[in-house]
Number of protein chains: 2
Amino acid sequence: MNSLRPKANIVPTQKRGHVQDEIADRLRKGLMVGAFIPGQVMSLRKLAASFGTSPMPVRDALGQLVAANALEEMPNRSVRVPRLTTDRVKDLFEVRELVESLAARNAARNATPALIRELQAINRDLKISIARRDVLAALAANQKFHFTLYQAADSSVVMPLIESLWLQSGPTMYCSFLAPDMPWDASAHTEVLEGLKKKNPTAVQRAVARDIRTAGRHLVQAGTFQLPGGMMMLPTEISLDL
Amino acid sequence: MNSLRPKANIVPTQKRGHVQDEIADRLRKGLMVGAFIPGQVMSLRKLAASFGTSPMPVRDALGQLVAANALEEMPNRSVRVPRLTTDRVKDLFEVRELVESLAARNAARNATPALIRELQAINRDLKISIARRDVLAALAANQKFHFTLYQAADSSVVMPLIESLWLQSGPTMYCSFLAPDMPWDASAHTEVLEGLKKKNPTAVQRAVARDIRTAGRHLVQAGTFQLPGGMMMLPTEISLDL
DNA sequence: GCGTCGCTTCTGTGATCACATCTCGTGATA
DNA sequence: TATCACGAGATGTGATCACAGAAGCGACGC
């Protein structure tokens, strides 16, 4: 009877109540994978149009990401992908080293043979991607390696923290690792696996700490994050085919 | 011309665009101060009615707090104050010890005489509140002591993490420290101040770690958080006079 | 030619509505 | 009396609308 009936989602209402979460997931993935340029503003309505929804779930998703420090809020109340300063990168990796070391140590205590096998498989993929110079796949494999390891720590307190820290460093890491001469040392991962096999949590902890420390050092040295935004061949417009 | 004109906020539109933030702040404060019982569900419309606004800004505020792990989302999509298990408390304080130790260490490097004086003043208030058995004031002073110290670390990465961790432990801490026999050792704070005066970051770090460790131990021992919800004289309904 | 005013557009925010889902209470029936 | 079913209410979610502010941009005046 009422003319206000909405146009009924183009998609046949896939899952009720999970729209904002799916949007948030796609945005998260996009941030990790470098689909968004540091400094890029995330327009509410444009994102909504891209997703084919109303601005409402997008607003919620952006709010989540802002609360997780994955996006930053400008005085205009617009949100954008944060551009990191050198100091902030140092801070970020200092904390990452600390927190992820803890997670790695605790994960090592709970390590099962199945976990070790899974990590070995992921590391194989990682090495292949590195050999192919496939930055995207390498970053994805690297993330998967770390997160499956940390997951074994079985801490619902630490995991969200680590996710937040990765989301913050994600876009910048992607940009920096686009430099073809960026060395990538996968030896730390090998040390992790050896430590797990020997059931030596301290060794695993040290290996993860070393991995993060060297990554952070390379990132600071490269310093690509302090270049003026908009460089590189990345699309200025939002690409949502994630 | 349109009849849809809303009823115009009772409050003469204090500040545009800061409604959701004020709501989030009041909820945060309420969580820290124990205005909400662990397990209590935060109803969107009821909160909105209490605040005298539409459910919209409340939805945003709750989303922020859920993203910060200060509130948890039930399968119903309702959000509630999380009730902590023993394991989670241990996790929480393990991470708190780690992260806040780092912040304390870095803060000690930047410590100024003014900061030391400020911390001394706060600690005086804390001791007075303890002597008076004023749990609320003591918790507030304790929080102020820690946060002003960490603020000196000048890290926009670490501070949000610490805030999130405090928000998670806030309600439970309040409930536990209601027990009149809960011992409160302020000696760690004295050690912190001495370390700051001697410009010894390691000493400050150790003191903060000890402070958190003992607090966590007492919390686990007391174990009040695992009592069935709804105990104590706390109001079941939401009290918003914060 | 350059600066400035004003308009158009776009931004996020808050309110209201419609709806699917779930809960809870009341009723009837066995 | 016990149990099941139906219904009324409440829940969060998403869409749409109204509005205030900022920003871009073009035209006009100096």
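What you see is a predicted model, and the numbers here were worked out from it, not measured in a lab. Residue numbers begin at 1 in each chain, while the letters A, B, ... track the order of the sequences.
In this view, B:Leu44 and B:Pro55, B:Val58, B:Arg59, B:Leu62 satisfy the side-chain contact (heavy atoms from CB on, under 4.5 Å) rule, not counting sequence neighbours. Qualifying side-chain contact (heavy atoms from CB on, under 4.5 Å) partners for A:Glu97, counting only residues two or more places apart in sequence or in other chains: A:Ser101, A:Ala209, A:Ile212, A:Arg213. Shown here are the side chain to side chain donor-acceptor pair (under 3.5 Å) partners of A:Glu72, two or more places apart in sequence or in another chain: A:Arg80.
A:Gln64 and B:Gln64 share no side-chain donor-acceptor pair at under 3.5 Å. Side-chain contact, B:His18 with A:Arg77: a donor N or O sits under 3.5 Å from an acceptor N or O.
The CD atom of A:Gln20 sits 14 Å away from the C1' atom of D:dA15 (whole-angstrom rounding). Note: CZ (A:Arg80) to C1' (C:dT11) measures 15 Å, nearest angstrom. Remark: P of D:dT13 and NE2 of A:His18 are 10 Å apart, rounded to the nearest angstrom. Atoms CG (B:Leu47) and P (D:dT11) sit 10 Å apart, rounded to a whole Å. What separates CG of B:Asn76 from C1' of C:dT23 is a distance of 10 Å, to the nearest Å. Atom pair A:Arg45:CZ and D:dA22:P shows a separation of 16 Å (rounding to whole Å applied). For the pair B:Phe51 CZ and C:dG14 C1', the interatomic distance rounds to 16 Å; values are reported in whole Å.
Minimum atom distance to the side chain of A:Ser78 is reached by C:dG12, of the listed D:dT11, D:dT13, C:dG12. Candidate nucleotides D:dA15, D:dA23, C:dG12 were compared by shortest atom distance to the side chain of A:Leu44, and C:dG12 ranks first.
For C:dT11, the OP1/OP2 oxygens have a side-chain nitrogen or oxygen of A:Lys46 closer than 4.0 Å.
Direction of the helix axis in the helix from C:dG1-D:dC30 to C:dA30-D:dT1 shifts by 10° between the two five-pair termini, rounded to 10°.
Separation of atoms CZ (A:Phe93) and CG (A:Leu98) is listed at 14.5 Å; rounding is to 0.5 Å.
Side-chain atoms of B:Thr53 never come within 3.5 Å of backbone atoms of B:Ala49 as a donor-acceptor pair (strictly under, hydrogens ignored). No donor-acceptor pair under 3.5 Å is formed between the side chain of B:Ser155 and the backbone N or O of A:Asp91.
Residues of residues 54-67 of chain B having a heavy atom closer than 4.0 Å to DNA chain C, listed by number: B:Ser54, B:Pro55, B:Met56, B:Pro57.
Residue pairs meeting the salt bridge (Lys or Arg N to Asp or Glu O under 4.0 Å) criterion with at least one member in residues 159-172 of chain B: none, sequence neighbours excluded.
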